[in-house]
Every structure is written in structure tokens, then in C-alpha cells.
2 protein chains.
Amino acid sequence: MVLDRVAAKWSIGIPIAAAHGPVRFTELERAINGISRRMLTLTLRRLERDGHLVRTVYPTVPPKVGYSLTPMARELHASLTGLVGWAERHRSAIAEARAAYDSAVEP
Amino acid sequence: MVLDRVAAKWSIGIPIAAAHGPVRFTELERAINGISRRMLTLTLRRLERDGHLVRTVYPTVPPKVGYSLTPMARELHASLTGLVGWAERHRSAIAEARAAYDSAVEP
DNA sequence: CGGGATCCGAGGAGATACTG
DNA sequence: CAGTATCTCCTCGGATCCCG
């Protein structure tokens, strides 16, 4: 499904981090908390393959690579930030719901 | 992360299918294309655990179970349908981008 | 700097069969 | 009807090391 890609683990943070303009690899690595080099690379490749990102390589020393959103991906931005905002607003409520569920079921 | 749950493979379709009111297990199974009994059960449990769904069992014969969204989950609905709408609008563009990427890289 | 290669374990996910 | 149980295969994702 197309949504599998959009909603994959790291595929939400990257478009948000890249929304304000071309972003470099290391910037993304710092901006997205907890992502590993490997998953950043893999996710970038997938997003590029699906036409969400454009990858630009500058033949300089040291190497420099910029990632920017395609217009298509830019349309997603509102929904994505909506999702993230929701998650932050309800983070604690969800934690409580989990604790309540677990204490009601496990013992 | 909280978003992992929201964005997990089947966790998008269920809230959308359950948005219009209490929905029964079999209704969900029919509404969500391609989901297996097992994944439906597992995903329902997780959503219930995270406080997105309320599960109501009616002690009748045959058994009857209704799933409805909590207010918290209802807030998500707009973002979710936004995501789905976007995915449908760009389905073909994404398929083309993949084909182009693959033919440029693989050979 | 921006990756690729490899190894490995944990969880995701289908198929199938059984049940209160 | 609404699930469990089990078995199995597969993908995700972290850790580590290497490279132009």
C-alpha cells in the first residue's frame, strides 16, 4: 500500500525536517531524534524512490548532498504536522491508557 | 514512539472504518481490504490498549462486539483522512516515480 | 561528509486449524 | 460471531566496520 511508505517508522520526521528547504544528511541526523545512520539512509532512498524527495549531490570536497521535498510531498506537510501535534498533545494520555490496560489484563 | 502505533500498517484503516459509530468485528474485516483475522485482532488490541478504541461485548448468543473511537482518536480522523486522500490522489504518480527510479538504478 | 556491507535478533505478518 | 493458537517466513532495525 502507498500508505505503508508514508506512515513507515521514520517517513514522517524526514519530510517535516526537510520542509523548510534543502537539508543536508547530517542536519537530518541531528534533527531526527533517535534515528540511526542506516535507517536514515534507507528511508531517504525510499522517499526518493517514491518521488517525495529530490537528492542533489554537489561534487565538492568534502561531499555535500541536499534533500528537498517535491511539490507532491509538500502537500503532505499539513497532515503530517497534524499527526505529530496530536501525538504530542496526547502522549501522556496514551501512556496512562496503556498502564491502565496492562494493570487490568496482566495480573 | 507514539507515532509508531498511529502509523503502523493497519492502524490507519481501522479508525477510519470505525469513525461513523460502533463497528463490529466482521464489518471491519470486510471494510479493510486485505487484512487477516489475526492482524485485525492484534491491531484492535493495540488500539484498545493505547486508548483509541473502546471495546464493548454484548453477552448475547451469538456473541457481539462493538468497537468505537474514543474522543482522543476522533481528533485524529481529519489528519488520517487527509493522508488517505493524498495517497489516493498521488497513487499513480508514485508508481511512476518508482518505475523511473528503478529503471535508472537497477540496470 | 555521506554513505555502503554485513551480521544478527525482534517483531510483523500470512496460513491454517480450533473454540466458547 | 469473534476470536486463539501455532508454525513459519520475512522485514525492520540496531551495531559495527569500511570507503571515496
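Each chain gets a letter, A, B and so on, in the order its sequence line appears, and its residues count up from 1. For the numbers below, each heavy atom of this structure counts, side chains included, while hydrogens, waters and symmetry mates do not.
- Look at A:T26 and you won't find any side-chain N or O under 4.0 angstrom from OP1 or OP2 of C:dC1.
- As judged by a 4.0 angstrom heavy-atom cut-off over every strand, B:R37 is placed among the base-contacting residues.
- Straight-line distance from the CG atom of A:L42 to the P atom of C:dG4: 8 Å, rounded to whole Å.
- In this structure, the side chains of B:H52 and B:R46 stay at 4.5 Å or more apart for every pair of heavy atoms.
- If you measure from atom CD1 of A:I35 to atom P of D:dG13, you get 9 Å, rounded to the nearest angstrom.
- Counting heavy atoms from C-beta on, the side chains of B:F25 and B:L44 come closer than 4.5 Å.
- Panel note: side chain B:W86, backbone A:M72; a donor-acceptor pair is recorded below 3.5 Å.
- Taking side-chain N and O atoms only, B:R55 has a distance below 4.0 Å to OP1 or OP2 of D:dG3.
- Computed from coordinates, the B:I32 CD1 to C:dA13 C1' distance equals 15 Å when rounded to whole Å.
- End-to-end axis angle of the helix from C:dC1-D:dG20 to C:dG20-D:dC1, from C1' rotation axes over five pairs per end: 60° (rounded to 10 degrees).
- Both A:V65 and B:T43 lie near DNA chain C, and the one whose nearest nucleotide falls closer to the 5' end is A:V65.
- One atom, NZ of A:K9, and another, P of C:dA10, lie 15 Å apart when rounded to the nearest Å.
- Residue B:R38 is classed as a base contact, given a heavy-atom separation below 4.0 Å to a base.
- A pairwise comparison of heavy atoms in A:A18 and A:L69 identifies O-CG, 4.0 Å as the closest pair.
- Counting only heavy atoms from C-beta on, B:F25 has its side chain closest to D:dG3 among D:dC12, D:dG3, C:dG2.
- By the 4.5 Å heavy-atom criterion applied to side chains, B:Y101 and A:D50 are not counted as neighbours.
- Summary of the strand contacts: B:L44 and A:R46 both lie near DNA chain D, and taking for each the nucleotide with the nearest heavy atom, the more 5' one is attributed to B:L44.
- B:L40 places its CG atom 14 Å from the P atom of D:dC1, with the value rounded to the nearest Å.
- Taking every side-chain heavy atom of B:P63 into account, C:dG20 is the closest of C:dG20, D:dG20, D:dG3.
- The phosphate of D:dG14 has OP1 or OP2 within less than 4.0 Å of a side-chain N or O from A:S36.
- In this structure, CE of A:M39 is placed 15 Å from P of C:dG3, rounded to the nearest angstrom.
- Protein atom CD of A:E29 is 10 Å distant from nucleotide atom C1' of C:dG3, rounded to whole Å.
- The side-chain contact (heavy atoms from CB on, under 4.5 Å) test with B:I32 singles out one residue from B:I14, B:T43, B:I16, B:I12, and that residue is B:I14.
- Here B:Y58 lies out of heavy-atom contact (under 4.0 Å) with every strand.
- Under the 4.5 Å side-chain criterion, counting only non-hydrogen atoms from C-beta, B:Y67 is not in contact with B:E27.
- Residue B:Y67 places at least one side-chain N or O under 4.0 Å from the OP1 or OP2 atom of D:dG3.
- Listed nucleotides C:dA13, C:dC1, D:dT4 differ in distance to B:R45; the shortest reach to its side chain belongs to D:dT4.
- In this entry the distance linking NZ of A:K64 with C1' of D:dG20 reads 19 Å, nearest Å.
- Minimum heavy-atom separation, B:L28 to B:A17: CD2-CB, 3.7 Å.
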